[in-house]
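Okay, structure first, notes after.
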Amino acid sequence: MKQKFVCVECGYKTPKWFGKCISCGSYGTIEEINEKKTVKIDVSVNMQPISEITVSDQVRIKTGENSIDEVFGGGIVPGSLSLVAGAPGIGKSTMLLQIAKSIADGGKVIYFSAEESLGQIKLRADRLNIDENNLIISDAHDTDYIASVIESKRPLAAIVDSIQTVSSANISAVTGSVNQLRYSTNRFLETAKKNNIPVMIVGHVTKGGLIAGPKLLEHMVDAVLIVEETGGYKILRAIKNRFGAIDQTAIMQMTENGLIVLDSPEGIFLGDAIDAPGIARSITIKGNQPLAIEIESLVSPYGIGKSTAIGFDTNRLIMLSAIIEKQLKMKILGNDLYLNITGGVSVDETAVDLAVCASIISAIRNEPINMNYAFIGEVGLAGEVRLVKSMERRIASAARLGFTDIFVPQANLKTDVFLHKIKFLDELAGYI
Ligand code: TYD
Ligand code: MG
């Protein structure tokens, strides 16, 4: 059956209209898909033997920050359309204005702010110390007008903030609706390609983590960069890139005067090396960035047998404490157990299980763990220690940070670093 309707929220397609999306449960988000072609694209067909096709070496445009360039795959490709997505207030406009400033050193950049007035942008620019003549701000929100300005003014780069607040009179749907988003994105894609000008569009993300409105947008653009937050830091990474790998990450910090990119972020969450019982260290991966974290546990015998975890899954904490109790014959049940990942970091991967166990064992024994120990691995129900993804990268990161003893599962790992290999959890208790 023909899928004639789509949910603006989650992208679910359906042949029938519903008041409530049966996929994500949102109300009033089902809209008709407008298949009508409203843009006439001049198609000139090229055909050549592959051996004769020449490609001019694309000069990538630099953003002024190496690690942001790397997220773009080595700089911004002229003629590309990138979507920069993130929750409202996370720092998208700030980051793009800073990038716009850097690009404006080499030529004209136009920043279309459909969301904020010129005055508001000026206030932000003042905080960021931005005052370039080459950086043009416009408050246009008509898609076709914006496209024609890009075509006639031919800037070095253009930014549209945001795709949800621009619209075209060619489409009879409200601003932010899926048909408007689809039209505008297509229009900017065409403008970027035809004129060889990179266009960056901002997209807001809903609480659920989807790009608000169209998941569809992700498929249309060349690159999707997302900005997320962990423990007060902003993480920029690509989840799609037609022009590069998606394994690079930039970690930034918002200051009074804009975003600062951190040079070597992997140790930012390591504390002041406190040598107290219950603290164990591990390497988690956020986006694509290895990050050392500290896990602390407190076991209180005066409780009612409640487990509380901050930054970690409580059910997993309960499971791991049951494994320790069974395999190591340690008494935990009946005590109150608190587990916290310091720095406000939250971890949703099993790679830190071994460190969680080490932290609990240390808390129960009331003996600190050597601060130079790091623990990486998943723990199974039989107390077996299992491999997790990116072991070698985590080990290399731990070694760079100066951990001298790294506890890992038994496996053939390609690394020069000396490792303590553990098959079952009870061996860990012997080491620490
Ligand atoms: P913003 O870039 O407007 O977020 P987005 O475009 O993703 O919605 O900025 C978000 C927050 O950053 C806002 O609460 C104000 C703060 N901020 C600073 O702390 N320092 C600064 O220099 C600037 C420009 C903003
Ligand atoms: Mg903004």
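Note that ligands are numbered from 1 as they come in the structure, with each ligand's atoms numbered from 1 the same way.
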Is there a nitrogen or oxygen of [X] sitting under 3.5 Å from a nitrogen or oxygen of ligand 1?
X: Leu128; answer: no
X: His204; answer: no
X: Thr255; answer: yes

At what distance is the nearest protein heavy atom to [atom], and which residue and atom is it?
atom: atom 3 (O) of ligand 1; answer: Arg124 NH2, 2.7 Å
atom: atom 14 (O) of ligand 1; answer: Gly89 O, 4.6 Å
atom: atom 1 (P) of ligand 1; answer: Thr94 OG1, 3.5 Å
atom: atom 4 (O) of ligand 1; answer: Gly91 N, 3.0 Å
atom: atom 17 (N) of ligand 1; answer: Met254 SD, 3.7 Å

(message) Measuring only between side-chain heavy atoms, which start at C-beta, is Phe407 closer than 4.5 Å to Leu354?
(response) yes
(request) Decide yes or no for Leu291 and Ile268: does some side-chain heavy atom of the first lie under 4.5 Å from some side-chain heavy atom of the second? (result) yes
(message) Test of understanding: given a 4.0 Å heavy-atom threshold, classify the contact between Val227 and ligand 1 as side chain, backbone, both, or neither.
(response) neither
(request) Of the side chain and backbone of Lys92, name the one, both, or neither that has a heavy atom under 4.0 Å from an atom of ligand 1. (result) both
(request) Would you check if the distance from the ring center of Phe269 to the ring center of Tyr233 is below 6.0 Å? (result) yes
(message) Regarding Glu218 and Lys240, does a basic nitrogen lie under 4.0 Å from an acidic carboxylate oxygen?
(response) no
(message) Under 4.0 Å between a side-chain nitrogen and a carboxylate oxygen: does that hold for Glu65 and Lys101?
(response) no
Proximal atoms of ligand 1 relative to [X] (non-hydrogen, under 4.0 Å):
X: Asn257; answer: 22 (O)
X: Pro88; answer: 8 (O)
X: Ser93; answer: 2 (O), 5 (P), 6 (O)

(message) Strictly inside 4.0 angstrom of atom 10 (C) of ligand 1, do you find any protein heavy atom?
(response) yes
(message) Can you tell me if, anywhere in Ser93, an N/O/S atom lies at a distance from the Mg ion (ligand 2) that is smaller than 2.8 Å?
(response) yes
(message) Under 3.5 Å, is there a donor on one side chain and an acceptor on the other for Ser359 and Ser362?
(response) no
(request) Tell me yes or no: between the side chains of Asp161 and Ser113, is some donor less than 3.5 Å from an acceptor? (result) no
(request) Could you check which of Met95, Glu116, Arg127 puts a non-hydrogen atom nearest to atom 15 (C) of ligand 1? (result) Arg127
(request) Test Pro290 against every option in Pro265, Ser397, Ser390 by the side chain to side chain contact (heavy atoms under 4.5 Å, CB included) rule and name the one that passes. (result) Ser397
(message) Check for me whether Gly258 has a heavy atom closer than 4.0 Å to any atom of ligand 1.
(response) yes
(request) List the steps, then state whether salt bridge (Lys or Arg N to Asp or Glu O under 4.0 Å) holds for Glu228 with Lys286. (result) CA-CA 10 Å; Glu228 295 162 313; Lys286 278 274 167 200; over 6 Å; no
(message) For Tyr145, I'd like to know if atom OH has over 12 heavy atoms of other residues, nucleotides or ligands within 6.0 Å.
(response) no
